[in-house]
A.B. asks: 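The following block contains the structure, expressed as structure tokens.
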Protein chains: 2
Amino acid sequence: MKSMRRADRQMVREEATELLKRGEYGVLSTLDSLNQPYGVPLSYAYADNSIYIHCANEGTKLDNIKSNSNVCFTVVGNTNILPDKFTTEYESVIVFGKGIIVSGNDKAKGLREIIKKYSPEFIKEGEEYIERAMDKTTVVKIEIEDFSGKHRS
Amino acid sequence: MKSMRRADRQMVREEATELLKRGEYGVLSTLDSLNQPYGVPLSYAYADNSIYIHCANEGTKLDNIKSNSNVCFTVVGNTNILPDKFTTEYESVIVFGKGIIVSGNDKAKGLREIIKKYSPEFIKEGEEYIERAMDKTTVVKIEIEDFSGKHRS
């Protein structure tokens with residue numbers, strides 16, 4: 001990753017990791033075979049230096065990942081518009097990595113991590129949900145190659 | 001744009017336009033010369049079928065736009081996690097277009113639209129801000145080629 005132009009806004013690694021853990025959603029940027037970028041918002045879970053997302057078994061983001069596995073995943077945390085300062089306080093993390101369609105244990109792990117994050121009170125029902133959803137769901141694991149966080153406050 | 005897989009979730013055009021107008025920020029997806037996607041969150045204004053963003057005079061997104069003007073801009077509105085349903089209600093718009101670095105009147109218009117959106121109580125101070133910021137700011141106009149909105153509720 002290139003060094004950040006505004007080093008004064010760079011987050012320490014722990015802060016960026018913490019934002020990746022708690023972010024409500026992220027935007028997955030992929031690339032189609034005609035070099036058109038495509039950014040789609042998705043729920044996700046962060047675990048073991050990877051990001052797990054899930055989706056239907058077909059769609060643009062899967063087509064794109066199959067033709068080019070380079071992806072970017074962007075998470076924004078708290079924001080605060082300061083109208084009189086003509087600026088916004090924000091915190092964000094940008095992740096670069098490879099998108100890999102996973103199966104078997106890796107797929108189940110991805111779905112479990114997503115349920116742990118969004119439905120922590122429904123783990124048992126979540127296991128039943130995973131069983132029902134397994135065949136009609138695709139899980140993509142983004143193996144993180146680099147990430148950096150930025151904040152302005 | 002490809003037709004949406006889940007047509008039942010497609011927003012009517014007016015709804016998508018309305019979300020583009022009120023969205024707090026968007027993620028700009030661009031592509032570097034090595035075909036690595038890059039998604040960065042940005043304040044923006046929507047006007048005249050274009051999206052205006054502003055930034056410093058150098059940086060990754062400008063390098064990318066100069067090498068490939070195809071961009072995607074993704075705006076997310078309200079979201080609502082439904083833990084017991086293992087899903088999230090959301091509304092989002094995905095825009096495809098060309099990123100063009102603008103100057104002169106177009107540049108001033110872009111900055112004015114951004115101030116009108118985020119600092120509506122500070123239009124006069126905003127004009128002074130524009131005068132001071134003009135030389136150290138770059139404005140990118142995204143000429144919209146296509147967009148579509150999606151909601152799940």
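Chain naming here is simple, since letters A, B, ... match the order of the sequence lines and numbering starts at 1 in each. On a predicted model such as this, the values are computed, not experimentally measured, just so you know.
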A.B. asks: How about CD on A:E128, more than 12 heavy atoms from neighbouring residues, nucleotides or ligands closer than 6.0 Å, or not?
C.D. replies: yes
A.B. asks: For the interface with chain B, which of A:I81, A:N35, A:I115 has the highest count of heavy-atom pairs at distances below 4.5 Å?
C.D. replies: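 Heavy-atom pair counts peak at A:N35.
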A.B. asks: Check the hydrophobic clustering (I, L, V, M, F, W, Y; side-chain heavy atoms under 4.5 Å; chains of links allowed) and say if A:V140 and A:V27 are grouped together.
C.D. replies: no
A.B. asks: According to a hydrophobic-cluster definition based on side-chain heavy atoms being under 4.5 Å apart (Ile, Leu, Val, Met, Phe, Trp, Tyr only), do A:I142 and B:L31 belong together?
C.D. replies: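 No, because A:I142 and B:L31 fall into different hydrophobic clusters, even though each may have its own neighbours under 4.5 Å.
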A.B. asks: Locate the shortest heavy-atom distance separating B:P37 from A:F96; write the atom from each residue and the value.
C.D. replies: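 Minimum heavy-atom contact is O-CE2, 3.4 Å.
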A.B. asks: Who among B:P120, B:S119, B:A56 has the most heavy-atom pairs with chain A under 4.5 Å?
C.D. replies: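 That would be B:S119.
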A.B. asks: In terms of hydrophobic clustering (I, L, V, M, F, W, Y; side-chain heavy atoms under 4.5 Å; direct or indirect links), are B:V76 and B:I144 co-clustered?
C.D. replies: no
A.B. asks: Might you point out which heavy atoms bring B:G39 and A:S29 nearest each other, and give the distance in Å?
C.D. replies: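 Nearest heavy atoms, B:G39 then A:S29: CA-OG, 3.7 Å.
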A.B. asks: Pull out the residues in residues 18-26 of chain B that come under 4.5 Å of chain A, heavy atom to heavy atom, sorted by number.
C.D. replies: B:E24, B:Y25
A.B. asks: Looking at every non-hydrogen atom in both residues, tell me the closest pair between B:P83 and A:Y118 and how far apart they are.
C.D. replies: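 Nearest pair, atom of B:P83 first, then A:Y118: CB-O, 3.5 Å.
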A.B. asks: Quick one: which residue pairs count as a salt bridge (Lys or Arg N to Asp or Glu O under 4.0 Å) with a foot in residues 59-77 of chain B, not counting sequence neighbours?
C.D. replies: A:K2-B:D63
A.B. asks: Among the clusters formed by ILVMFWY side chains lying less than 4.5 Å apart, do A:V139 and A:Y129 turn up in the same one?
C.D. replies: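 Same cluster: A:V139 reaches A:Y129 through Ile, Leu, Val, Met, Phe, Trp or Tyr contacts under 4.5 Å.
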A.B. asks: Which bit of B:N68 comes within less than 4.5 Å of chain A, counting heavy atoms only: side chain, backbone, both or neither?
C.D. replies: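 Answer is side chain: those atoms of B:N68 sit under 4.5 Å from chain A.
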A.B. asks: Parallel, tilted or perpendicular: which one describes the rings of A:F122 and B:F86, with boundaries at 30° and 60°?
C.D. replies: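 Rings of A:F122 and B:F86: perpendicular, over 60°.
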A.B. asks: Which answer fits A:Y38, side chain, backbone, both or neither, if we ask what part of it has an atom under 4.5 Å from a heavy atom of chain B?
C.D. replies: both
A.B. asks: Relative to chain A, which segment of B:T88 carries a heavy atom at a distance below 4.5 Å: side chain, backbone, both, or neither?
C.D. replies: side chain
A.B. asks: Please flag which part of B:E121 lies under 4.5 Å from any non-hydrogen atom of chain A: side chain, backbone, both or neither.
C.D. replies: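 Neither part.
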A.B. asks: Should we say atom CG of B:D135 is surrounded by more than 12 heavy atoms from elsewhere, each under 6.0 Å from it?
C.D. replies: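 Counting other residues, nucleotides and ligands, CG of B:D135 stays at 12 neighbours or fewer.
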A.B. asks: For residues A:N70 and B:Q36, report the shortest heavy-atom separation together with the two atoms involved.
C.D. replies: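 In terms of heavy atoms, the two residues are closest at CB-OE1, 3.5 Å.
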A.B. asks: Mind ranking A:A133, A:G59, A:G126 by heavy-atom pairs under 4.5 Å with chain B and telling me who comes out on top?
C.D. replies: A:G126
A.B. asks: In terms of heavy-atom pairs under 4.5 Å, which option from A:I114, A:T74, A:T60 contacts chain B the most?
C.D. replies: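 Greatest number of close heavy-atom pairs with chain B: A:T74.
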A.B. asks: Are there more than 12 heavy atoms of other residues, nucleotides or ligands under 6.0 Å from atom CD of A:E131?
C.D. replies: no
A.B. asks: I'd like to know if A:F147 and A:M4 are part of one continuous hydrophobic network [Ile/Leu/Val/Met/Phe/Trp/Tyr, side-chain heavy atoms within less than 4.5 Å].
C.D. replies: no
A.B. asks: Let's test your reading of the structure: which of A:L28, A:V75, A:V71, A:L82 forms the most heavy-atom pairs below 4.5 Å with chain B?
C.D. replies: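 Going by pairs under 4.5 Å, I would pick A:V71.
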A.B. asks: Looking at B:N105, I want to see if its CG is surrounded by more than 12 non-hydrogen atoms of other residues, nucleotides or ligands under 6.0 Å.
C.D. replies: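 12 or below, so no.
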A.B. asks: Under the rule for salt bridge (Lys or Arg N to Asp or Glu O under 4.0 Å), what residues qualify as partners of A:R132, not counting sequence neighbours?
C.D. replies: none
A.B. asks: Tell me the residues of residues 41-52 of chain B whose non-hydrogen atoms fall below 4.5 Å from those of chain A, in number order.
C.D. replies: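 Within residues 41-52 of chain B, near chain A: B:P41, B:S43.
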